[in-house]
Number of protein chains: 2
Amino acid sequence: MRADATRNRARIVQAARDLMADHGLDAGMDEIAARAGVAVGTVYRHFPAKSDLIAAIVAERVQQMAAALDALQARISAGADARTEIVAFANDVAARMGEDRALKAAAGDLLRPSLSSVEGQARDTLAAVVAAGHRQRALYSDVTAHDLALLFTTMPGEEVTESDRRRWLALALRGILTTPDR
Amino acid sequence: MRADATRNRARIVQAARDLMADHGLDAGMDEIAARAGVAVGTVYRHFPAKSDLIAAIVAERVQQMAAALDALQARISAGADARTEIVAFANDVAARMGEDRALKAAAGDLLRPSLSSVEGQARDTLAAVVAAGHRQRALYSDVTAHDLALLFTTMPGEEVTESDRRRWLALALRGILTTPDR
DNA sequence: ACCTGAACACCGTTCAAGT
DNA sequence: ACCTGAACACCGTTCAAGT
């Protein structure tokens, strides 16, 4: 790969990331190309279709999510309370879901069988978290990692009020977390 | 309104209903016009934008939902078990949600303050159902009609497997229904 | 090998001309 | 009053020509 090609590719992804953070996933390809300082054809040389460019952005979110899950799992295996940690993590995801449509797609990737290595890692860590949740009797015994991914993907985004999103999360958590003994 | 105008309007809505049932909400305006036997301009005379035409289809779903809720409420006040009826209703909605994106939007309409008369009716009936659920101790005491509408709108559609949709519903119901005493 | 940018296809929307 | 359909705007995608 030629040096300028590598540089262009990075610039394109950067431009797409920036523009999609503001205008959502429907930022124009011409706009992205302009911001990256290349012609549209160059964008298409690196990403055959817009959906491929979006997939690249989504993959970044998967990576972030995998990292966040690793940290979560580390805290739990270091002795932290699984319930508290899971609730906090879910709240974090919910807070970001309001502005970031790529995040929702990232969670959706964990539902499908085609797993890239990062997706596989995220999924494994999620399974470890769920196992810990079971050991601590924080999660209902029938709840799986797939269930958590399912709830994360269906978590409402911008289409709903922030208070509605919080309320939704409270109901969803009640579906997977056992009632804490007091 | 001229006789042909009334007829055209009905034809356009019919065509949109048919095409959107198959190809989803992204059926083309030209396609709809052709099927209705009118020119595109005529479609735009009756519906200033495509979103207005979609709104008309969504309004039909709201109406259907209001009718279904009335029937539900009638059964409950005639002595039926609230839990059983609510679960059955939710399953019905979930089964249709897989093929019908307008249905999801219809549930979303119940979340927003701007209520048409049909929306208001649907909302009132839903509130009555929830009240009955409370009296029978089937729903958690903090659950509201708004909560039910919220869950209906966020219920996953075509983007998810049918079995995932069923599982999602089971988890969601666990968030609002009390554990039945055995 | 990779980049450029004009051109094409598609679809929502408009508007001058018709009845 | 309402309808017609060619034309416009916008955006994803392609491709012949350039380096």
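Numbers restart at 1 for each chain; the letters A, B, ... are given by sequence-line order, proteins then strands.
Sorted by residue number, the list of members of residues 10-25 of chain B with any non-hydrogen atom under 4.0 Å from DNA chain D is empty.
Take the nearest nucleotide of DNA chain D for P48(A) and for R9(B): the residue whose nucleotide is more 5' is R9(B).
Across L126(A) and A149(A), no two heavy atoms sit closer than the pair CD2-N, 4.2 Å. Scanning both residues, I32(A) and A15(A), for their nearest heavy atoms gives O-CB, 3.7 Å. The two residues E119(B) and L110(B) make their nearest non-hydrogen contact at O-CD2, 3.8 Å.
Base contact: V40(B) has a heavy atom under 4.0 Å from a base atom. Within the nucleic acid shown, G41(A) comes within 4.0 Å of at least one base atom, counting heavy atoms only.
Rounded to the nearest 0.5 Å, atoms CZ (R96(B)) and CZ (R61(B)) are 9.0 Å apart.
Counted within 6.0 Å of CD on Q63(A), heavy atoms from surrounding residues, nucleotides or ligands total 12 or fewer; the atom is thus considered open.
Listed by first then second residue, pairs satisfying ring-ring contact (aromatic ring centres under 6.0 Å, His included) with a partner in residues 56-106 of chain A read F89(A)-F152(A), not counting sequence neighbours.
Here D142(B) pairs with R174(A) in a salt bridge; the nearest charged N to carboxylate O distance falls below 4.0 Å.
Comparing dG5(C), dG12(D), dC2(D) by their closest approach to the side chain of Y44(A) singles out dG12(D). Comparing dT4(D), dC2(C), dG12(C) by their nearest atom to the side chain of K50(B) picks out dG12(C). Side-chain atoms of M1(B) lie closest to dC2(D) of the nucleotides dG12(C), dG5(D), dC2(D).
The CZ atom of F47(B) sits 15 Å away from the P atom of dT14(C) (whole-angstrom rounding). For the pair R7(B) CZ and dC2(D) P, the computed distance is 13 Å after rounding to whole Å. If you take CE of M29(B) and C1' of dC3(D), they are 15 Å apart, rounded to a whole angstrom. For I54(B) and dG12(C), the CD1 to C1' distance is 11 Å, given to the nearest whole Å. Taking atom CG of residue D30(B) and atom P of nucleotide dG12(C), one finds them 7 Å apart after rounding to whole Å. Rounded to whole Å, atom P of dC11(C) lies 16 Å from atom CG of L53(B). Spacing between atom CZ of R45(A) and atom C1' of dG18(D) amounts to 14 Å, rounded to whole angstrom units.
Using modelled atom types, no side-chain atom of R166(B) and backbone atom of T161(B) make a donor-acceptor pair closer than 3.5 Å. Of the possible donor and acceptor atoms, none in the side chain of D70(A) sits under 3.5 Å from a partner among the backbone N and O of A67(A). Although no hydrogens or angles enter the test, the distance criterion places no donor-acceptor pair under 3.5 Å between the side chain of K104(A) and the main chain of M97(A).
Note on R2(A): every side-chain N or O is 4.0 Å or more away from OP1 and OP2 of dC2(C). N8(B) has a side-chain polar atom (N or O) that falls below the 4.0 Å cut-off from OP1 or OP2 of dC3(D). Considering only side-chain N and O atoms, H46(A) lies nowhere under 4.0 angstrom from the phosphate OP1 or OP2 of dC2(C).
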Would you write out the dot-bracket form of DNA chain D, 5' to 3', with Watson-Crick and G-U pairs under 3.5 Å, [ ] for crossing pairs, | for pairs to other strands and . for unpaired bases?
||.|||||...|||||.||
